[in-house]
Amino acid sequence: MLVEVARAAVAGAGGSGEGGVAGGWGAGYDGFWCTVRPPEGVPAPPEQGWKLHVSAAATVAAEVLSAVATVIAEDPCTFKFAMDRETLHQVNSRNSDRGSAGKFITVYPADEEQFRRLAAELHLATEGMPGPVVLSDRQFAPGSLVHYRYGAFSGRAELGNDGAYRSILTGPDGERFEDVRAATYRCPPWAADPLREAPSLVAGPARTGAGEAGAVRNGSGAGGGAKGGGGVLVGGRYALTAAVRHSAKGGVFLGTDTTDGTAVVVKQARAHIEVDRAGTEARSALRHEARMLAELAGHGLTARPLDLIEQQDSLLLVQQHIAGQPLGSWVAAQLTRDGAPDVPWERAQPMALALVDLLERVHRVGVVLRDLAPGNVLVRDDGPAGAPAPAALCLIDLELACAAGTRAGTAGTPGYRAPEQRGPAAVADPAADRYALGGLLFLLATGHDPLLPEAEQLPGADPVPERLDRWLALAARTGRTARQLAPLIAELRAPDPADRCSLERARELLGAPAGPPPAPAAQPLDRLLRDGLRRLTETATPHRPDRLWPTVPGGLLTDPCNVQHGAAGVVALLARALTVHPEAEPTLRQAVHWIERRCAAEPVVLPGLHFGRSGTAWALLDAAEALGDPAAAARARRLAEPVPVRWPNPDVCHGAAGAGFLRLRLGDHPAALAGARALLAAAGEEPYGTVWPVPKTFDSGLAGITHLGYGHGVAGVGAFLLAVHLATGDDAALDGARRAARTLAATVRSGAGGPGGAGGPGGRGGAVAGWWPQSAGDPASVRLAHWCSGSSGVGSFLVRLWRATGDAEAGELALAAGQAVLDNRWHSGTSACHGLAGDGEFLLDLADATGEDRFRDGAAEFAELIGARAVLRGGLLVLPDETGTGCAAAYGTGTAGPLAFLLRLREGGPRLWLDPVGPGAAAATASPNPGTPITSARMTEVRA
């Protein structure tokens with residue numbers, strides 16, 4: 001273990017010390033890093049300054065750590081390192097964040113003098129050893145493992161205006177500079193590089209290391225780097241013109257062969273980045289890919305390899321450029337917006353046959369792909385016109401392909417990887433490719449990757465294939481392609497490789513008539529709700545200071561008390577669920593105290609309802625009322641006092657409209673009215689109507705946006721202004737809400753539903769669906785359907801405006817939005833923010849407003865679609881989060897939002913976060929509709 005190496009290296013400093021290191025040294029472990037602290041009396045590191053990173057290839061990790069620890073034992077300071085080989089693999093992995101890749105050891109010098117000494121000594125101690133370049137840093141010298149940058153050491157992260165924590169560096173005159181670990185070197189303007197000031201300490205000129213585009217950016221190396229007329233030249237011949245993508249292992253670039261104008265693709269592999277768990281280095285994998293391309297290109301299956309170029313620490317593969325689009329993009333373009341789940345059969349069948357033929361030709365050569373996935377199949381632009389044919393398909397990214405029978409280790413893309421490919425001793429078998437082919441056919445049948453959380457390995461657990469069958473059976477109710485492909489998918493996706501059908505059998509089934517749709521085994525709503533709530537109580541971690549519940553990767557840096565990713569959304573759900581799940585009361589009480597403690601330690605108070613303090617205070621008030629705890633209610637109100645109702649960002653999620661909703665929930669109508677007046681004053685006018693932009697000068701990733709949707713734009717602001725009017729009778733607020741509705745009427749993008757009422761349960765043939773883009777200037781193809789941006793959120797505002805005022809146009813647009821949501825149901829995830837749960841909540845709003853069964857039936861079908869993806873964990877049926885593979889608890893992106901929808905579907909009541917009332921309220925706050933009911937017959941009048 002690497003910890004033992006560090007212990008031995010500092011042992012010369014004296015006897016055993018606390019933490020099990022030596023000589024008064026101490027060690028701490030957080031599951032990933034081992035942090036080693038020097039003996040008492042050694043100056044503590046500052047909060048910010050020049051830090052050192054030392055990289056290492058896995059093969060020399062112990063030697064590099066020993067050398068570094070020995071140097072630091074003689075010149076003590078704090079350092080940390082990846083604590084074992086597995087964590088080092090993650091640091092050096094192709095999947096590592098580009099700004100973090102290669103950072104095996106981090107050293108925190110006490111001052112610039114020590115920084116200079118250690119940089120030189122560590123370079124000498126590790127000279128000649130292999131390791132990757134750290135992209136975020138400057139390399140001490142060419143080929144050195146030692147890198148450096150100016151950054152935060154131990155300063156507390158600060159909550160930024162978008163609700164995420166960030167490291168802020170402070171200059172001598174109070175200047176502020178965000179400490180971003182990006183894939184390029186950044187330095188605060190006030191910080192002078194100590195090594196460039198003292199060149200005698202440096203073995204060579206300090207420079208930025210070769211990055212993903214090392215050949216492009218640095219312009220050095222034999223035969224390459226010179227600027228050409230069409231871009232940077234590689235190998236003195238290939239002009240790189242554009243970057244396609246970046247990753248820790250290197251970039252992919254478009255270019256031109258300057259000798260004849262041929263279009264090329266150039267793939268880069270950086271030294272000592274690992275592409276698999278066996279430690280295969282990226283350059284070796286790229287050489288292997290070049291051999292595979294050469295073998296298959298002659299059969300018309302791949303692009304032709306043209307050149308292999310070594311440059312700096314990278315290997316560059318130049319290959320023929322074939323114009324086309326990945327299969328996943330092709331499928332997305334074929335999906336209709338008429339409520340059908342699948343690619344139409346007249347296009348799906350030829351594509352399925354083409355895929356079978358493609359795979360058959362590969363296997364005939366004796367090769368197993370091992371990673372047959374939508375991103376690795378290219379639908380050529382120059383293929384035969386009309387239906388897809390084998391000649392229209394080719395393969396890309398073949399680094400995992402190998403000869404059949406080769407012992408090749410773990411491989412494959414999640415959802416398409418066969419079970420037998422997960423072990424380190426996996427053997428390349430054509431049956432694994434047939435399993436992946438079943439995944440591609442599932443994509444044709446549903447528009448989704450076959451991605452679900454893994455079930456526990458217990459008797460009675462539902463394996464992934466059975467749960468996918470349930471999902472497919474739901475799609476087969478209305479989709480001919482899903483119905484036609486379901487039997488074949490089941491045969492190809494058999495867990496046992498021996499049970500998977502042959503490609504000949506696949507071809508036969510593709511020509512066979514479709515049978516009746518299979519009957520889906522629906523998950524019972526009561527059990528999904530009961531098990532999901534119980535899971536939330538079992539997975540709470542009140543002993544941990546960082547997070548009360550786990551969250552999705554995208555929420556790790558956000559406030560752990562917020563609604564979107566944190567504890568507040570879960571608490572609000574548990575408060576509403578106490579009547580059906582009283583066992584949650586102890587967890588709810590613990591959660592309230594945890595949030596209160598955490599908020600007391602957080603000095604930054606942001607206004608947003610979903611990313612700020614407003615949602616947190618709302619949730620605590622809901623919990624206090626549900627628990628019958630007046631003292632907790634008083635504390636929630638005190639927590640809400642400093643929340644500002646005026647804020648540069650006007651939106652619901654992060655800004656002033658969200659804070660205004662909190663004031664309405666508190667019954668503080670004067671403050672809510674003041675917030676409404678401020679928003680009315682901040683409104684802008686565009687040719688299409690009134691908008692609420694985020695100022696370009698605001699310190700936010702949203703600066704300059706002008707969105708239409710509920711989460712960040714016009715619909716959310718309009719909903720707040722309407723709610724203020726309903727609470728206070730203010731006419732100016734109502735006028736603002738009407739102006740917002742006119743903006744949404746001017747920007748709707750309409751389209752007819754499919755024939756025969758394919759738009760949803762009880763739907764109507766030719767029904768008009770209303771979609772909205774994120775912003776008015778988006779391309780015509782952008783048509784969004786969800787709560788944060790799109791039909792669901794826009795409709796949630798418009799249906800309330802219609803109920804409150806009888807505005808017929810608002811009602812018609814709300815129904816059109818409902819049709820869009822129904823039509824889009826097959827192509828959605830499960831979440832509340834941008835998935836079935838949030839969309840289903842809107843259908844319940846429409847059902848309450850119109851009395852139409854089709855909306856309640858649609859919501860019930862959404863519940864079925866959510867339940868089809870449930871997984872057994874700890875004996876409980878648990879819903880997936882937005883990743884499709886995890887089960888994090890968060891409201892906006894995890895399981896709590898879908899559970900809130902299921903609870904409201906079963907129990908009724910107002911909608912959480914939109915209707916500013918407590919958990920005991922019996923109905924929405926909007927007044928009964930005083931106008932003419934909007935019915936199906938009036939849909940033809942919807943504005944285009």
Side-chain angles (χ1 to χ4, degrees), residues 45-55 80 91 96-109 111-112 115-116 118-119 131-142 144-162 164-198 202 205-220 232 243 245-248 250-251 268 270 273 312-313 556-557 696-704:
E47 288 194 353
Q48 62 187 48
W50 291 98
K51 65 174 72 174
L52 295 158
H53 290 114
V54 184
S55 66
K80 72 178 183 180
V91 168
S96 178
D97 178 78
R98 292 185 292 146
S100 302
K103 295 178 180 178
F104 171 36
I105 304 170
T106 305
V107 181
Y108 302 98
D111 52 39
E112 287 190 7
F115 166 77
R116 291 190 184 96
L118 287 176
V133 168
V134 176
L135 297 178
S136 66
D137 290 21
R138 272 190 175 145
Q139 201 171 20
F140 179 82
S144 179
L145 298 188
V146 178
H147 305 75
Y148 64 96
R149 67 186 296 272
Y150 191 97
F153 284 18
S154 56
R156 188 178 186 279
E158 176 183 294
L159 195 59
N161 290 329
D162 294 335
Y165 284 96
R166 55 185 186 172
S167 294
I168 298 293
L169 304 173
T170 305
D173 296 324
E175 310 99 310
R176 291 164 58 80
F177 187 85
E178 186 173 357
D179 186 17
V180 178
R181 283 81 163 174
T184 54
Y185 175 74
R186 297 174 80 242
C187 181
W190 67 81
D193 188 332
L195 298 184
R196 289 193 168 182
E197 290 180 339
V202 185
R207 65 178 179 88
T208 302
E212 289 171 301
V216 177
R217 188 175 67 204
N218 294 328
S220 60
V232 176
R245 65 175 180 268
H246 294 291
S247 70
Q268 178 194 25
R270 295 176 55 224
I273 295 296
Q312 296 178 19
D313 71 336
L556 290 174
L557 294 179
K696 294 180 180 179
T697 56
F698 187 48
D699 182 14
S700 165
L702 301 172

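Computed from a predicted model, the values in this text were never measured in an experiment. By convention here, the first residue in the shown sequence is residue 1.
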Looking at [X] and [Y], what are the two nearest heavy atoms and their distance?
{"X": "L169", "Y": "G151", "value": "CD2-C, 3.6 Å"}
{"X": "E175", "Y": "P172", "value": "OE1-N, 3.3 Å"}
{"X": "P46", "Y": "P109", "value": "CD-O, 3.6 Å"}
{"X": "F140", "Y": "A119", "value": "CE1-CB, 3.7 Å"}
{"X": "F698", "Y": "A703", "value": "O-CB, 3.3 Å"}
{"X": "S96", "Y": "A248", "value": "O-CB, 3.5 Å"}

**Request:** Kindly compute the distance separating NE2 (H53) from CG (L145), expressed to the nearest 0.5 Å.
**Result:**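 Taking NE2 in H53 and CG in L145, the distance rounds to 13.5 Å.
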**Item:** Euclidean distance, R116 CZ relative to L52 CG, rounded to 0.5 Å
**Value:**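 The CZ atom of R116 is 12.0 Å from CG of L52, to the nearest 0.5 Å.
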**Message:** For F115, give me all partners under ring-ring contact (aromatic ring centres under 6.0 Å, His included), at least two apart in sequence or on another chain.
**Reply:**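 Testing F115 for ring-ring contact (aromatic ring centres under 6.0 Å, His included), a comparison that skips the adjacent residues, returns W50, Y148.
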**Item:** Contacts of F104 that satisfy ring-ring contact (aromatic ring centres under 6.0 Å, His included) - sequence neighbours left out
**Value:**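 Partners of F104 under the ring-ring contact (aromatic ring centres under 6.0 Å, His included) test: none.
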**Request:** Just jot down the salt bridge (charged side-chain N to carboxylate O under 4.0 Å, His left out) partners of D162, sequence neighbours excluded, or say none.
**Result:**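 With sequence neighbours excluded, D162 shows a salt bridge (charged side-chain N to carboxylate O under 4.0 Å, His left out) to no residue whatsoever.
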Mind checking whether [X] and [Y] have side chains closer than 4.5 Å, heavy atoms only?
{"X": "L557", "Y": "R166", "value": "no"}
{"X": "E47", "Y": "T170", "value": "no"}
{"X": "D179", "Y": "Q48", "value": "no"}
{"X": "S136", "Y": "R149", "value": "yes"}

Residues in side-chain hydrogen bond (donor to acceptor under 3.5 Å, both in side chains) contact with [X], at least two apart in sequence or another chain:
{"X": "R176", "answer": "E158"}
{"X": "D97", "answer": "none"}
{"X": "Y108", "answer": "none"}

**Prompt:** Under the side chain to side chain contact (heavy atoms under 4.5 Å, CB included) criterion, do S167 and R181 qualify, and how do the steps go?
**Reply:** CA-CA 10 Å; S167 294; R181 283 81 163 174; 3.4 Å; yes
**Message:** One pair to check against side chain to side chain contact (heavy atoms under 4.5 Å, CB included): L135 and R270. What are the steps and the verdict?
**Reply:** CA-CA 11 Å; L135 297 178; R270 295 176 55 224; 3.8 Å; yes
**Message:** R138 vs C187, test: side chain to side chain contact (heavy atoms under 4.5 Å, CB included). Steps then yes/no.
**Reply:** CA-CA 10 Å; R138 272 190 175 145; C187 181; over 6 Å; no
**Request:** Please say which of I105, T106, L118 ends up in a side chain to side chain contact (heavy atoms under 4.5 Å, CB included) with V54.
**Result:**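 Testing each of I105, T106, L118 against V54, the sole residue satisfying side chain to side chain contact (heavy atoms under 4.5 Å, CB included) is I105.
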**Item:** K103 vs D137, side chain to side chain contact (heavy atoms under 4.5 Å, CB included): CA-CA, chis, key distance, verdict
**Value:** CA-CA 10 Å; K103 295 178 180 178; D137 290 21; 4.1 Å; yes
